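Following: one structure in structure tokens, then a few remarks.
We number each residue from 1, following the sequence as shown. Both counts, for ligands and for their atoms, begin at 1 and track the order of listing. These figures come from a predicted structure and were not determined experimentally.
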Amino acid sequence: MATFEELKVNKSILKALDDLGFEQPTPIQEKAIPVIRSGADVLGIAQTGTGKTAAYLLPIFMKLVKAEGEDPRALVLVPTRELSIQVGADIEELTEYSNIRHAAVFGGIGWTKHAELLEPGIDILVATPGRLFDLYHAGALSLKKIKTLVIDEADRMLDMGFMPQIRRLLEIIPVKRQNLLFSATFNEKVEEMCHEFLDFPERVEIAPSATPAELVQQSFFKVPNFRTKLNLIRYLLEDEERFNRVIIFTRTKENAEAVFKIIKRKTEGEKRILHSNKGQNTRLNAIQAFKDGEVRILITTDVSARGIDVSKVTHVFNFDLPQRYDDYVHRIGRTARANNHGEAIALVDPSEEYHLNKIEEIIRMGIPERFLPEEVELVETGKEERQQQAREIDRQKKLENPDYKGAFHQKKRKPSKKSSVQPRPSGKQKKHKRPGKRR
Ligand code: AMP
């Protein structure tokens, strides 16, 4: 697997990736970045959650190098206000140490505000089609320097009837440019769009995440909080015969550590439990011991689990749901290898139901719910955790509906050092830096 360094990502961007905790490129990034860098037109088929935004943004940053001139050189066309804000926020985070300037614009508020954002000069513009034309016709925006055009969520763009605007846009922007079209799905209409807009496109696609190993029996429990999750896992693990070789996935190292400590303590100091998030050596030893069958339970994060190839894993627990939804598919693919049967069980707290729905969309199937066994002690949710869950639910509601006025006030952002940056919408939290400990 390539690293970001091997993909030749600039130093300043590498630093931002490091801050964000992006340790390795996702599969779509690994595939798309070199192809986009080659200058070819690209059709990328990837859903939200796969890292597709950075897959097109990183090579754009490499091409732009640094701030230059006044007119935007890259244009990202998006169907919705929500996505415009999201992509703008991603650019802001990724260019933390670079002087590349951007603005994210969308309808629904007066265009003059957006015109002001463009005034000092920008390098990347993220825009919904309607707002793009508002600014263009008002003379607030020049598109003469555009060298890269991205059409993101092309399928949605088509569903929303934006085709005429896109055609008009292509008449205005320079003919000599690179086109990148990203779509979550590929159908006849998207294919037509490709024929019309792309020149000999290279197609990049990640293995369809819609096909989790058929032998995996999936289910989920609704669990109110972290401690009840621990009680449930402990209870289930008592059945050693059934839960014979188990991987427990957690989203963060802190959670892995907490689950490890508590489960180890409560399973009569069971020796056959390890977690893979210590140093590299301990990690490899843990994985080897697990492979050899000396260890029954392995606790790991997604990152540490890379490369674990063990057959006969009977159960995969999703102690919490991954933020990148294709990781769910990778996680459950650890069981039911080599024609063995396997079970994948997710523990879902109220703030994770949103992610569960998104995962079900991606795998295109419903995951059956199971009910908590009576023997499992239900612990009341503590104040801090309740608030964390409520905040997260708020954030999700805002993602779905940017007009939603959250129950929580956002801390004031410090003014950006870059003049033309679109402010993050109020209430948006840094996606990547969610608190790890959830007790
Ligand atoms: P996207 O598919 O672009 O909506 O991205 C989904 C999520 O994955 C976002 O929260 C990104 O910030 C995150 N992400 C993108 N690339 C990586 C990476 N290489 N490693 C970890 N997380 C990533």
Does any part of the side chain of Lys189, heavy atoms only, come nearer than 4.5 Å to the side chain of Leu158, both counted from C-beta? yes

Aromatic contact between Phe319 and Phe226, with the criterion being ring centroids under 6.0 Å apart: yes or no? yes

Please tell me whether Asn255 and Thr250 have a donor and an acceptor in their side chains that are separated by less than 3.5 angstrom. no

Which of the numbered atoms in ligand 1 are below 4.0 angstrom from a heavy atom of Thr53? 1 (P), 3 (O), 4 (O)

Does Gln323 have a heavy atom less than 4.0 Å from any atom of ligand 1? no

Report yes if Lys52 has an N/O atom closer than 3.5 Å to an N/O atom of ligand 1; otherwise report no. yes

Using a 4.0 Å heavy-atom cut-off, which part of Tyr56 comes near ligand 1: side chain, backbone, both, or neither? neither

Polar proximity ligand 1 side, Gln29 side, N/O cut 3.5 Å exclusive: yes

So if I count the atoms of ligand 1 from 1 in the order they appear, which ones are less than 4.0 Å from some heavy atom of Thr26? 16 (N), 17 (C), 18 (C), 19 (N)

Would you call Arg131 and Asp134 a salt bridge, using N to O less than 4.0 angstrom? yes

Does at least one non-hydrogen atom of Tyr325 fall below 4.0 angstrom from an atom of ligand 1? no

Rounded distance (nearest 0.5 Å) linking atom NZ of Lys222 with atom CG of Leu232: 15.0 Å

Are Phe249 and Phe317, when compared by the centres of their aromatic rings, separated by less than 6.0 Å? no

Does ligand 1 come near enough to Gly21 that some N or O of the ligand is less than 3.5 Å from an N or O of the residue? no

Which of these passes side-chain contact (heavy atoms from CB on, under 4.5 Å) with Phe4: Leu17, Asn10, Asp18? Leu17

Numbered atoms and elements of ligand 1 in range of Gln24, under 4.0 angstrom, heavy atoms: 18 (C), 19 (N), 20 (N)

